Structures are given as C-alpha cells and as structure tokens.
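Remember, predicted model here, so these are calculated numbers, not experimental data.
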Amino acid sequence: MNKDFFDRDAVVVAKAMIGMEFRFHNTGGIIVETEAYRPDDPASHSFNGPTLRNRVMFGPPGHLYVYRSYGIHWCANIVCTSGSAVLIRALEPQTGVELMKIRRGTDLLRNLCSGPGKLCQALAITGDVDGASVLEQPILLRSAQTDLETVAGPRIGITKGMELPWRFGAKRSPHLSKPFRCPT
C-alpha cells in the first residue's frame with residue numbers, strides 16, 4: 001500500500017477500503033463501512049476552502065484528518081485527492097478487543113466500533129493524530145485479505161448531500177453503524 005492508493009477520487013477509495021485492516025497502536029479490525037466526501041460536496045468540511053480545522057484535507061493523500069463531531073466524538077478520515085477524504089464509519093473488531101471493551105465500557109462486540117465516534121473511542125484516536133500518515137506506525141493499514149460483498153447507499157448523519165450514494169459497507173455485516181435500507 002502506498003500514497004497512490006489514496007491519490008484518487010474519494011468515492012473510488014471509499015469503496016476500495018471495505019475489507020481492509022485498520023489498526024491504531026494495538027487495536028483495530030476490518031473496515032466494514034466508509035463514506036466519501038469531495039471538495040464540491042456541500043456536506044464536506046472542505047466545501048468552503050481551507051481553514052485551520054480542515055487544512056489536512058488539502059495536504060498530501062494518505063494522511064488522517066481527525067476532527068471532533070458536535071464537540072463530542074472524534075472522527076477519523078483518510079485524505080484522498082486535495083479537499084477530499086474518506087470517513088471510516090465502522091470496523092469489525094479483531095485486534096485488542098479487550099482493550100476496546102474497556103475504553104467503550106461495554107462487552108458487546110457489536111457496540112465497539114459500529115460508528116465513527118465509537119470507533120475512535122475504542123481505538124483511542126484523538127485530534128493529536130490529525131495529519132499522521134496512515135502508511136507509518138502507529139497506524140497499520142493493510143489490503144483486504146478476502147473480498148467482502150459491498151453495498152452502497154446514501155450517507156447518514158448529515159443534512160446536505162444526503163442523496164449521494166457515497167456510503168459503502170460490507171453486506172450484512174453486524175458491525176455497521178446502521179443497516180443499508182436499499183443495498184445496491
């Protein structure tokens with residue numbers, strides 16, 4: 001895996017990331033849900049141009065863009081072409097599960113990483129790693145070991161650009177943040 005993988009359209013990258021392994025330090029799992037954001041997308045943080053908050057989105061591909069959602073939850077994205085990124089929405093926990101359970105305060109595997117805020121809490125991802133390369137430690141991002149059947153649908157948790165089918169997931173995964181209504 002190299003930065004060229006991410007130096008592409010975010011929609012293409014978001015779909016291709018389903019099934020990849022993502023770890024931060026000693027916790028992680030298989031990516032089962034993503035969402036794409038482009039610079040011409042009114043739901044994207046980059047829509048109005050560079051700011052102090054979103055400057056990483058305009059930097060080199062293959063870096064984490066980490067932000068706080070509603071002042072509560074951290075969310076982790078991977079930068080693609082300038083101004084675009086892929087939000088990692090959900091993982092199937094595999095590595096460091098016991099530590100994730102402690103961090104999340106639950107024993108339910110399904111509730112560890114089934115949403116971008118839960119995922120960051122379980123993996124202890126915070127704004128301190130905003131701008132870190134996903135191609136270097138303490139991050140491990142590895143190609144999919146098996147092909148997962150992928151579904152697409154409208155993005156969730158946003159108020160603009162909701163109709164765009166830029167949310168991707170592993171079909172029937174119990175670890176999705178929300179089920180897909182009309183899988184395609």
Side-chain angles (χ1 to χ4, degrees), residues 1-24 28-71 73-91 113 115-120 123 125-136 139-144 148 150-170 176-178 180 184:
M1 171 99 30
N2 60 40
K3 79 172 191 108
D4 291 341
F5 175 86
F6 298 102
D7 196 9
R8 304 183 290 164
D9 181 79
V11 175
V12 172
V13 175
K15 186 173 182 180
M17 285 176 58
I18 300 301
M20 294 178 78
E21 182 180 7
F22 178 79
R23 285 193 220 165
F24 183 66
I30 303 301
I31 298 172
V32 295
E33 186 180 355
T34 60
E35 281 183 350
Y37 291 88
R38 292 176 174 162
D40 61 348
D41 169 9
S44 177
H45 289 180
S46 65
F47 185 68
N48 291 316
T51 66
L52 187 59
R53 178 188 188 200
N54 71 12
R55 69 191 178 288
V56 172
M57 287 185 77
F58 295 91
H63 288 255
L64 280 183
Y65 165 53
V66 180
Y67 67 91
R68 234 197 236 282
S69 177
Y70 303 110
H73 306 287
W74 292 107
C75 294
N77 300 257
I78 300 177
V79 176
C80 297
T81 57
S82 184
S84 67
V86 173
L87 172 64
I88 305 172
R89 285 200 58 85
L91 294 178
C113 299
K118 292 177 183 179
L119 182 155
C120 284
L123 275 60
I125 294 174
T126 67
D128 293 342
V129 295
D130 185 40
S133 172
V134 299
L135 304 174
E136 300 172 4
I139 299 165
L140 171 75
L141 190 62
R142 194 174 3 210
S143 298
L148 297 177
T150 304
V151 293
R155 296 175 298 181
I156 55 178
I158 56 175
T159 58
K160 298 175 184 172
M162 297 172 294
E163 72 286 353
L164 297 170
W166 293 352
R167 176 177 168 236
F168 300 95
L176 298 172
S177 61
K178 291 191 177 175
F180 283 77
T184 57

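Side-chain atoms of Arg23 and Arg142, non-hydrogen and from C-beta on, do get closer than 4.5 Å to each other. Side chains of Ser177 and Arg167 form a contact here, defined as non-hydrogen atoms less than 4.5 Å apart. The side-chain heavy atoms of Thr126 and Val66, taken from C-beta on, include no pair separated by under 4.5 Å. Leu87 is listed as a side-chain neighbour of Cys75, based on a closest heavy-atom distance under 4.5 Å. Side-chain contact between Val79 and Phe58 is absent, with no heavy-atom pair separated by less than 4.5 Å. Looking only at side-chain heavy atoms (C-beta outward), Phe24 and Leu141 stay at 4.5 Å or farther from each other. Inter-residue side-chain proximity for Arg55 and Pro50 is flagged as unmet; no heavy-atom pair is nearer than 4.5 Å. Between Pro39 and Ser84 there is a side-chain heavy-atom pair separated by less than 4.5 Å.
How far CZ of Phe6 is from CG of Leu135: 6.0 Å, rounded to the nearest 0.5 Å. For the atom pair SG of Cys113 and CZ of Phe22, the computed distance is 10.0 Å after rounding to the nearest 0.5 Å. Taken to the nearest 0.5 Å, the CG atom of Leu91 stands 6.0 Å off from the CG atom of Leu123. Between His63 atom NE2 and Lys3 atom NZ the span is 8.0 Å, to the nearest 0.5 Å. Here the CZ-OG1 distance, from Phe168 to Thr34, works out to 6.5 Å after rounding to the nearest 0.5 Å. One finds the CG atom of Leu119 at 6.0 Å from the CD1 atom of Ile125 (value rounded to the nearest 0.5 Å).
Nearest approach of Val86 to Ala14, heavy atoms of both residues: CG2-N, 3.7 Å. Closest non-hydrogen pair, Ala85 versus Ala10, comes out as O-CB, 3.7 Å. Heavy-atom minimum distance, Ile18 versus Ala144: O-CB, 4.5 Å. Between Leu176 and Ala90, the shortest heavy-atom distance links the atoms CA-CB, 4.3 Å. The shortest heavy-atom contact between Leu64 and Ala76 is CD2-CB, 4.4 Å.
Taking the charged nitrogens against the carboxylate oxygens, Asp130 and Arg68 have no contact shorter than 4.0 Å, which rules out a salt bridge. Taking a cutoff of 4.0 Å between a charged side-chain nitrogen and a carboxylate oxygen, Arg38 and Asp9 qualify as a salt bridge.
At least one donor-acceptor pair under 3.5 Å links the side chain of Glu35 to the backbone N or O of Ile156. Counting only distance, with no hydrogens or angles, the side chain of Asn77 and the backbone of Tyr65 share a donor-acceptor pair below 3.5 Å.
With a 6.0 Å cutoff to the six-membered ring centre and a 45° limit on the axis angle, Arg155 counts as a cation-pi contact of Tyr37. Figure legend: Arg8 and Phe5 shown as a cation-pi pair, the cationic atom lying under 6.0 angstrom from the six-membered ring centre and within 45 degrees of its axis.
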Quick one: do Ile78 and Met17 satisfy side chain to side chain contact (heavy atoms under 4.5 Å, CB included)? Show the steps, please.
-> CA-CA 10 Å; Ile78 300 177; Met17 285 176 58; 3.7 Å; yes

From CA spacing to verdict: side chain to side chain contact (heavy atoms under 4.5 Å, CB included), Ile139, Val129 = CA-CA 10 Å; Ile139 299 165; Val129 295; 5.7 Å; no

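Between Pro116 and the options Glu33, Arg89, His73, a side-chain contact (heavy atoms from CB on, under 4.5 Å) holds for only Arg89.
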